[in-house]
2 protein chains.
Amino acid sequence: MRLSLHGKQMTVDQTFEYYLKRKSLKMTQERKVILDEMSGSDRHFGPEDLLIQLREKGKRVSRATVYRTLDLLVDSGVVKKVCLGPQQFYYESLAKKEQRHSHLVCVKCGKIIEFSDQATEERLVRICQENQFEMTSRCFQVFGFCSKCK
Amino acid sequence: MRLSLHGKQMTVDQTFEYYLKRKSLKMTQERKVILDEMSGSDRHFGPEDLLIQLREKGKRVSRATVYRTLDLLVDSGVVKKVCLGPQQFYYESLAKKEQRHSHLVCVKCGKIIEFSDQATEERLVRICQENQFEMTSRCFQVFGFCSKCK
DNA sequence: TTGCTTGCAAAGCATTTGCAGGGTA
DNA sequence: TACCCTGCAAATGCTTTGCAAGCAA
C-alpha cells in the first residue's frame, strides 16, 4: 500500500521523512531501524516484541526510544496503534496491508482473529463521519473468547 | 433490561445471586454495595471512579475488592467490561441498557461517543459466529480523535 | 553550534496477588 | 466450623519521564 499526499503517491519511507521535516524532527539511525522493521512486518506486535526482534538482528535500540518512535510513526500515519487487550497496545504497519481489517480479540489467551467485512467497515466510516470522529486505527475491536477459551 | 435463564426472566440481583450460588461463593456486604452501585448507573466507568462514588456515599470498600468483584459481575453477565483506551478497562452495567451499543473512543481526551447501528451489530454477531467467537463486551470499539482533538 | 535524540533509571498508573484477620452459611 | 472474603501493602507489567551525554543539520 502506498500513501498519498496532495494526490501524489508516497512510499512509507517518504511519508515518514516528510512528516519529520514538517515537524522539524530528525531522521536518526534508531528511527530508520524501527521504521524498516515495521515496514517489513505485517503482524501486530507490542513494543516488547519489536525490541526482541531488533535485538535478534543485533540492532540495539532502547525501550524508551521504541516507544517514542512508535508514537511518531503512528502520528505520521504509517503505522496504526490498536488496543488489543488488557493493558497493552499493539502496532501494525500500514505498509503491507491491502485493506482495512478488524479484530476479534480473545481476552483470555490473547488470540487475535482478523477479519474484513466491507459492508460493516463502510457503515462504520459513515458513522464516524456523522459524529465528526476521525478514526486512527482504521479498524475496530471486539473482545470476547475464542473457540478454545469459551 | 432483564436477563433470562431457562426461559425465565431474572433481575440483575437474582442473576448475580444465582451465579454466586452456582460457584459456591458468598453474597457479602461489599458485593451487595458494588452491585447496587453498578445497577444504578448507566455510564461507563473505571474501578477508580466506582471507588470514589462509593467513598462519597460513605461506603468503604477496598480497591482490591472492587477489582475482584467487578470481575465476578462480568463473569456472571450483569456487567460488561470494555477496553476503552490507553491502559484502563471500563465497566458498564447491563441492567439499564435497552440495546447493545458501541463506542467511538477519543485516544487524546478520552471522550466516548456511544452509538447503535443495528445492521452493523447484526453483521458483527454473524461474524463472531462464523469464527466461533463469543463476544463478552457485546459491543465494539473504534479508536480515533473526536471533533475537538483532530 | 543549536536543539532535537538517545539511553538509563526512576517514576507513574492500573491491576494483581500474598497473607493474616474477619465473615458467611 | 470450614471456607470464602476482605483490606493492606507489596508486586507486577506496561508506559512515560527527567536528565546528562550524543548526534543531525
Whole-Å distance between [N] [atom2] and [X] [atom1]?
X: A:Leu51; N: C:dT6; atom1: CG; atom2: P; answer: 14 Å
X: A:Lys81; N: D:dC14; atom1: NZ; atom2: P; answer: 15 Å
X: A:Leu35; N: C:dT5; atom1: CG; atom2: P; answer: 15 Å
X: A:Tyr91; N: D:dT15; atom1: OH; atom2: C1'; answer: 9 Å
X: A:Arg22; N: D:dA25; atom1: CZ; atom2: P; answer: 17 Å
X: B:Phe45; N: C:dT15; atom1: CZ; atom2: C1'; answer: 17 Å
X: A:Leu20; N: C:dG3; atom1: CG; atom2: C1'; answer: 15 Å
X: B:Arg68; N: D:dG7; atom1: CZ; atom2: C1'; answer: 8 Å

Exercise for the section: Check whether any side-chain nitrogen or oxygen of A:Ser62 sits under 4.0 Å from OP1 or OP2 of C:dC8, and answer yes or no. Expected result: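 Answer no for this pair, as no side-chain N or O of A:Ser62 is under 4.0 Å from OP1 or OP2.
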
Practice task
Check whether any side-chain nitrogen or oxygen of B:Tyr67 sits under 4.0 Å from OP1 or OP2 of C:dT15, and answer yes or no.
Solution key: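 For C:dT15, OP1/OP2 do have a side-chain N/O of B:Tyr67 under 4.0 Å.
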
Completion exercise
Under a 4.0 Å heavy-atom criterion, the protein footprint on nucleotides 20-25 of chain C, written with B, S and -, is ---BBS

Exercise for the section: Have a look at A:Arg31 and say if it touches a base, only the backbone sugar-phosphate, or nothing, with a 4.0 Å heavy-atom cut-off. Expected result: sugar-phosphate

Completion exercise
Contacts of A:His44 meeting ring-ring contact (aromatic ring centres under 6.0 Å, His included) (sequence neighbours excluded), chain-then-number -> A:His103

Practice task
Compute the angle between the rotation axes at the two ends of the helix from C:dT1-D:dA25 to C:dA25-D:dT1, each taken over five pairs, rounded to 10 degrees.
Solution key: 40°

Problem - A:Val66 to A:Ile34 - nearest heavy-atom pair and separation - result: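 Shortest heavy-atom contact: CA-CD1, 3.9 Å.
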
Practice task
Could you tell me whether B:Glu130 atom CD has more than 12 heavy atoms of other residues or ligands within 6.0 Å of it?
Solution key: yes

Problem - Flag, side chain of B:Asp71 to backbone of B:Arg68, donor-acceptor distance under 3.5 Å - result: no

